[in-house]
Protein chains: 2
Amino acid sequence: MKEPVKIGDVAKLAGVSSSSVSRALNPDRYASEELRARVAEAVAKLGYEPNAFAQSLRVQSSRTIGCMVSDVANPLYAEIIGAAEARLQEAGYLMVVANSQSGSRELDLLNMFRRRRMDGLLVTLDDDTREDVLAVLKDSGVPLVLLDRDINLSCDRVGVDHRQGAYAVVSYLLSLGHRSILLETPSHRVRPGRERIAGAEAAVRDAGLPPSVLKVSDHVDLSQPHVFSDVLQELARPSRPTAIVTLGTAMLAGTLSAIEANRLRIPEDISVVSIGDTTLAQFAAPGITALRWDLKQLGRTAAELLIERIEGRAGTYRTVTFPTELVLRRSCVPPAELQMGAK
Amino acid sequence: MKEPVKIGDVAKLAGVSSSSVSRALNPDRYASEELRARVAEAVAKLGYEPNAFAQSLRVQSSRTIGCMVSDVANPLYAEIIGAAEARLQEAGYLMVVANSQSGSRELDLLNMFRRRRMDGLLVTLDDDTREDVLAVLKDSGVPLVLLDRDINLSCDRVGVDHRQGAYAVVSYLLSLGHRSILLETPSHRVRPGRERIAGAEAAVRDAGLPPSVLKVSDHVDLSQPHVFSDVLQELARPSRPTAIVTLGTAMLAGTLSAIEANRLRIPEDISVVSIGDTTLAQFAAPGITALRWDLKQLGRTAAELLIERIEGRAGTYRTVTFPTELVLRRSCVPPAELQMGAK
DNA sequence: CTGTTAGCGCATTCAC
DNA sequence: GTGAATGCGCTAACAG
């Protein structure tokens with residue numbers, strides 16, 4: 001391997017004390033121009049990089065933030081993380097990212113973060129109601145930004161207006177004449193699930209229709225095979241849904257497979273709406289009407305709030321909620337019994 | 001915030017010295033059962049978490065590995081990263097992930113990693129040929145696993161057999177009768193690009209056909225809009241391709257958009273193959289024939305190689321290459337002029 | 001088996 | 001403006 005060059009080596013080469021090197025390297029501290037120049041030269045020659053541990057130990061700040069999500073590979077998260085990381089980089093922070101494996105590792109990970117004295121946390125829990133996780137989070141002692149979660153904690157939040165979004169989606173389907181709608185969503189254990197369900201139910205209510213119009217199937221396991229078998233089952237019922245609303249991730253893939261397996265055609269036999277405008281929704285056959293929101297902006301904002309809080313530039317806790325927009329494609333038409341013309 | 005409890009506090013409460021606490025907390029070190037018990041109790045009562053900086057400073061190991069990719073949100077990377085992170089977690093490592101923003105930040109990030117004394121690196125460069133980046137990598141002094149890159153460095157590697165894959169894809173298209181194939185791929189600045197191009201060219205050669213059968217369009221910008229306009233242009237030529245091969249990421253999305261914008265039908269008017277079996281390829285209209293490889297296994301293996309190397313259990317440098325498999329779907333048929341029957 | 005001492009590499013007092 | 005001493009929290013020698 002290599003020799004780790006330390007501040008003393010630089011000092012020796014530059015013919016100054018190590019405190020001078022430290023000062024020369026720190027922009028907002030006294031140091032003559034000449035000293036800075038000599039130090040810079042020595043640093044370059046030696047390829048010196050300060051040891052961040054020693055710095056952190058001294059300064060009590062790691063310039064690292066921890067990010068915990070249930071699954072990094074979920075495209076909805078990946079986009080957010082990418083944008084957040086970019087913003088953090090600009091501000092000189094590094095980001096640690098950790099999969100909580102659908103919640104099972106949340107406690108361990110949070111403790112890991114604590115040991116490393118993360119300056120801040122970007123978190124999306126797998127279950128808003130787990131008291132033990134909440135407790136750890138509460139006395140973690142560092143700024144926290146919640147990603148689309150709603151737990152009883154003093155912290156900043158960014159989220160999506162899923163309620164309004166689901167309301168819009170379901171209203172749209174009702175207006176087309178659908179009276180048997182299946183909503184496939186993550187469970188009410190997390191905010192998006194709860195809000196979505198509430199929004200969908202409100203739409204039915206406001207339309208003066210009975211609750212039975214809406215069937216909610218909420219999942220903890222969001223994987224493609226799991227959703228596949230669930231939708232398959234729903235399609236097998238005598239009163240099968242005429243429209244399905246589902247997340248635009250692997251859940252949409254599972255749903256589309258199940259529809260295909262049943263030899264149903266979209267939209268003639270069944271309408272589909274994707275929650276989240278993924279490339280999958282855009283290019284599926286046919287294009288899937290989707291609820292869109294700005295993932296990049298969300299990630300960036302989360303990072304922004306966190307940075308401001310860490311650097312003491314933030315006041316009262318803020319909640320930024322992003323609106324959604326319904327993108328119409330060809331996957332939705334009135335239910336078969338209302339369709340006129342050919343067939 | 002909160003009071004940071006340190007080892008001394010635990011020692012005091014347990015009525016022992018801080019070295020005893022340290023020992024009691026470290027499994028492979030002498031300590032009586034009674035001591036361990038008392039310390040454990042004090043730790044629990046105080047909610048003590050050792051300061052990882054102090055530990056790292058002392059032990060000269062961060063138990064953190066740095067991962068740098070051009071874009072975390074690229075589903076092909078996201079999957080790999082997720083799997084690698086899971087394996088690293090098992091081994092007690094945390095993973096820092098950083099976007100190199102298509103290469104522009106590689107140098108900075110590598111230096112950041114060095115400051116933090118990462119125990120190992122998982123890296124995929126944006127350009128295999130940049131000498132400055134290579135130099136930094138070379139004397140980074142820590143174990144490195146290259147993800148599908150091929151640079152002149154002593155390190156472990158995991159990769160995909162893109163050459164064989166591209167060979168298979170192009171051979172297949174040629175066998176269908178295509179004589180004008182467009183390959184959309186990342187540039188020859190990176191291994192996958194080079195290998196792919198070489199494999200495709202070999203397939204043409206081995207079929208005894210002239211090189212002009214294959215048109216390679218290699219990109220540095222892999223974004224959807226960029227590929228869209230490129231493909232649009234290619235489709236506008238008098239001798240437009242009868243088959244397109246493209247990456248299954250945003251590039252595929254861009255390609256499909258361009259085809260759609262041209263009102264061409266897949267596969268009647270044009271055949272399409274996706275390199276990488278993404279959900280997009282699976283559910284596009286119609287299903288896109290795709291080249292598949294095991295991303296999860298690749299990520300996991302990368303982590304594995306790195307861990308073994310860090311822990312001194314590795315000998316000579318290894319290169320693990322994953323095979324590809326062609327998944328046939330409905331997006332490929334003989335070119336229009338060879339099709340019989342209707343139309 | 002346990003307590004005492006020292007030092008990991010750096011930033012920061014305090015003198016000069 | 002710069003150098004000498006001190007300590008961030010921890011683990012590893014060394015004694016006992």
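To find a chain, count down the sequence lines: A is the first, B the second, and so on, and within it residues start at 1.
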Which of D/dG9, D/dT11, C/dT2 is nearest the side chain of B/N51? It is D/dG9

Quickly work out the B/K12 NZ to C/dG3 P distance and round it to whole Å.
15 Å

I need the CD1-C1' distance between B/I7 and C/dG3, as an integer number of Å.
13 Å

Out of A/M95, A/E85, A/M118, which one pairs with A/I65 under the side-chain contact (heavy atoms from CB on, under 4.5 Å) rule?
A/M95

No-H, no-angle donor-acceptor pair, B/S19 side chain to C/dT4 base, under 3.5 Å:
yes

To the nearest 0.5 angstrom, please state how far the CE atom of B/M112 sits from the OH atom of A/Y93.
10.5 Å

What residues in residues 52-65 of chain A put a non-hydrogen atom under 4.0 Å from any atom of DNA chain D?
A/L57, A/R58, A/Q60

If I take atom CG in residue A/N26 and atom C1' in nucleotide C/dT13, what distance separates them, rounded to the nearest angstrom?
15 Å

Of the listed nucleotides (C/dC10, C/dT12, D/dC10), which one gets closest to any side-chain atom of A/R29?
C/dT12

Return the value, rounded to whole Å, for the distance between atom CG of B/D9 and atom P of D/dC8.
12 Å

Starting the side chain at C-beta, find the nucleotide from D/dT2, D/dC10, C/dT2 nearest to B/K6.
D/dC10

DNA chain D: 5'-proximal contact among B/V5 and A/S20 (nearest heavy atom):
A/S20

Would you mind reading off the distance between B/R23 atom CZ and D/dA12 atom P, rounded to a whole angstrom?
10 Å

Any side-chain N or O of A/Y30 under 4.0 Å from OP1/OP2 of C/dA11?
no

